[in-house]
> 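Handing you this structure, nothing more for now.
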Amino acid sequence: MSQKPAIPKGTRDFLPEDVLKRNLIFSTISTAFNRFGFQPIETPSFELSSTLMGKYGEEGDRLIFRILNSGEKVRKADLEALASDNLPRFANSLSEKALRYDLTVPFARFVVQHQHELSFPFKRYQIQPVWRADRPQHGRYQEFYQCDGDVVGSDSLRNEVELIQVIDQVLSTLKLPGFTIKLNNRKVLSGIAEVCNASEHLIHLTVALDKLDKIGEDGVINELMGKGFEASVIDSIKPLFQLKGSFEERISFLSAFLSKSEIGMKGLEELSYIHSKFRDNPLVKGQLELDVTLARGLNYYTGAIIEVKAHEVVMGSICGGGRYDDLTGLFGVKGLSGVGISFGADRIYDIMETLELFPSDLRSGPDVLFLNFSETEADQCAIWANSVRDLGKVAEVYPSQTKLQKQLKYANEKGAKWVLFYGEEERQKGIVILKHMESGEQHTYPADAWLSSWEG
RNA sequence: GAGGUUGUAGCUCAGCAGGUUAGAGCAUCGGAUUGUGGUUCCGAAGGCCGCGGGUUCGAACCCCGUCUUCCUCCCCA
């Protein structure tokens with residue numbers, strides 16, 4: 001009985017070529033992090049549910065993939081909770097583990113758990129898949145890779161500057177035609193709420209502001225009215241919709257707007273500090289932009305907020321991050337400041353695919369393919385193949401004695417550069433024939449010395 | 001989680017208001033060419049028409065459910 005092959009929604013298979021392309025992105029990212037002194041770590045694919053639950057807000061909890069208890073443990077199911085419609089409790093009784101939802105929370109757990117083995121400031125990067133029970137859409141998958149870099153144990157703004165440089169270096173190296181690194185600061189958002197007398201509704205305010213580029217000014221106003229904001233408050237926010245001009249111009253506008261808010265001014269100061277560092281040490285390709293509507297969903301950011309958008313393509317952000325002053329506080333260690341970014345490798349992949357940015361020579365076949373004429377000659381070829389491998393080249397011996405036509409077709413499809421003929425005829429004459437697949441030219445060499453004259 | 005949309009050969013798609021053995025191109029395999037690939041020509045194989053139920057003399061086509069696809073919202077990488 002055969003079954004129709006299928007994979008779950010939101011997941012993908014990767015063919016050899018796809019993996020090579022993705023590895024190019026990964027290696028570009030890890031190279032950049034390495035150059036800035038970040039070190040790699042890994043954490044398990046799944047964590048205890050208690051580590052993850054409640055860290056991403058109500059929405060986030062819903063999107064966490066939970067792992068069903070196995071075997072006899074299912075008997076622990078809390079049927080009373082089910083009967084009384086307490087679904088979260090019922091779910092907890094069925095599941096003690098969950099697939100990781102991002103790399104930041106597991107990293108916080110990691111830092112607390114290994115605090116005595118790490119030296120601070122600790123700079124790490126991590127490239128691993130994460131899982132979200134989200135509804136798949138363009139550029140959204142249920143399984144995707146995140147590439148995170150964080151610095152914990154240092155509140156210097158130089159870390160923010162450094163992370164922005166990493167982003168710039170990675171995306172420039174990958175030859176993205178252009179991208180904007182949007183910057184904001186949670187303190188500025190708090191300041192805005194403060195001067196508008198809306199401090200207690202900060203979240204609603206920022207969530208609505210965040211949608212400005214999507215639903216427009218009227219949409220934001222409608223949303224705020226829907227959340228019960230007073231007209232006077234909405235009016236006081238309106239000037240922000242018109243924010244235009246250079247980074248400096250926006251800073252000076254906001255300095256006036258936020259002059260009565262101490263925290264808001266602190267945020268502005270941080271933003272202009274970061275911006276000033278790129279004056280004499282400019283970015284390669286990235287464009288810095290101050291965007292007060294940038295909020296991002298995660299509510300643990302306390303300082304800088306970063307988001308990167310690629311030009312020339314419609315796609316959500318390809319990189320995001322920010323500073324969180326108390327992430328490890330959730331795991332019992334207070335006052336450890338951190339700042340980090342997260343690349344969305346799969347979105348970068350999709351962008352590079354649509355803009356055709358992947359180099360064409362990624363898929364390289366064997367340098368030499370030895371045709372298989374008979375057991376005896378193939379044995380000799382296997383010995384030669386090892387010599388070729390010792391030169392750091394790729395060599396393959398065709399495994400069976402099928403028709404030459406078939407073997408050459410294989411060589412052609414696999415992109416072999418050279419094909420070596422060594423059959424009975426050649427053996428008797430003491431020669432080998434090397435054929436260059438692209439030009440079709442053939443050269444004859446003495447069998448005992450072909451390797452030294454071959455230019456492969 | 002809410003609403004809409006899609007599903008026919010490995011891939012991209014045809015299939016006339018429900019009517020005999022469901023079609024094409026590309027890909028695959030074989031042959032033309034028993035020691036020479038990419039081109040060409042000939043041929044073959046490949047489908048519970050997403051899955052389950054219903055309506056009908058009769059369903060790829062109509063109805064219901066379910067899964068999947070893509071999209072909008074929500075949220076995010």
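In what follows, every chain begins at residue 1, and chains take the letters A, B, ... in the order their sequences are listed.
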> May I have the step-by-step check of ring pair (Phe, Tyr, Trp, His ring centres under 6.0 Å) for A:F38 and A:Y125, ending in yes or no?
CA-CA 6 Å; A:F38 289 72; A:Y125 70 90; 7.4 Å; no
> Take atom P in B:rA9 and the same atom in B:rC51, then report the distance between them in whole Å.
10 Å
> Using the P atom as the reference point in each nucleotide, state the distance between B:rC76 and B:rA17 in Å, no decimals.
48 Å
> Taking side-chain hydrogen bond (donor to acceptor under 3.5 Å, both in side chains) as the criterion, tell me which of A:E289, A:H311, A:K309, A:E307 meets it with A:T180.
A:H311
> What integer number of Å spans the C1' atoms of B:rA22 and B:rA59?
13 Å
> Here's a test of your reading of the structure: between A:K9 and A:D134, which maps to the more 5' nucleotide of RNA chain B?
A:K9
> Suppose you measure atom P in B:rC61 against the same atom in B:rA2; what distance do you get, rounded to whole Å?
27 Å
> Using the P atom on both, measure B:rG19 against B:rC62 and round to a whole Å.
11 Å
> When the C1' atoms of B:rC49 and B:rU6 are compared, how many Å lie between them, rounded to an integer?
14 Å
> Could you state the atom-to-atom distance from CD of A:Q142 to C1' of B:rU69 in whole Å?
13 Å
> Which string of ( ) [ ] | and . matches RNA chain B, if you list each base 5' to 3' and count Watson-Crick or G-U pairs only when both distances are under 3.5 Å?
((((..(..((((.....[...)))).(((((.......))))).....(((((..]....))))))..))))....
> Are A:L205 and A:I237 packed together at the side-chain level, in the sense that at least one heavy-atom pair is separated by less than 4.5 angstrom?
yes
> Tell me if the side-chain of A:R347 makes a donor-acceptor pair with the base of B:rC76, cut-off 3.5 Å, by modelled atom types.
yes
> With rounding to whole Å, what would you report as the distance between B:rC74 and B:rU56 at their C1' atoms?
43 Å
> Would you call A:L288 and A:I164 a side-chain contact if the rule is heavy atoms closer than 4.5 Å?
yes
> Heavy atoms under 4.0 Å is the rule here; annotate nucleotides 28-42 of chain B 5' to 3' with B where the base is hit, S where only the sugar-phosphate is, and - elsewhere.
SSSS-S-BBBB----
> In whole Å, what separates the P atom of B:rC75 from that of B:rU28?
47 Å
> Answer yes or no: is there an ion pair linking A:R12 with A:D18, defined by an N-O contact shorter than 4.0 Å?
no
> Can you name the one residue among A:R389, A:K417, A:K393 that meets side-chain hydrogen bond (donor to acceptor under 3.5 Å, both in side chains) with A:D367?
A:K417
> Tell me whether the side-chain N or O atoms of A:R140 pair up with the base of B:rC75 as donor and acceptor below 3.5 Å, since no angle test is needed here.
yes
> Would you say the side-chain atoms of A:R135 and A:Q137 include a donor-acceptor pair closer than 3.5 Å?
no
> Just to be sure I understand the rule, does A:Y145 reach a base, reach only the sugar-phosphate, or reach nothing, if contact means heavy atoms closer than 4.0 Å?
nothing
> Given the ring of A:Y422, does A:R427 sit roughly above its face, with NZ or CZ under 6.0 Å from the centre of the six-membered ring and within 45° of the axis?
no
> Give one of base, sugar-phosphate or nothing for A:K211, where a contact means two heavy atoms less than 4.0 Å apart.
sugar-phosphate
> Heavy atoms under 4.0 Å, any strand shown: does A:G60 hit a base, just sugar-phosphate, or nothing?
nothing
> Looking at A:D168 and A:K285, does any basic side-chain N land under 4.0 Å from a carboxylate oxygen?
no
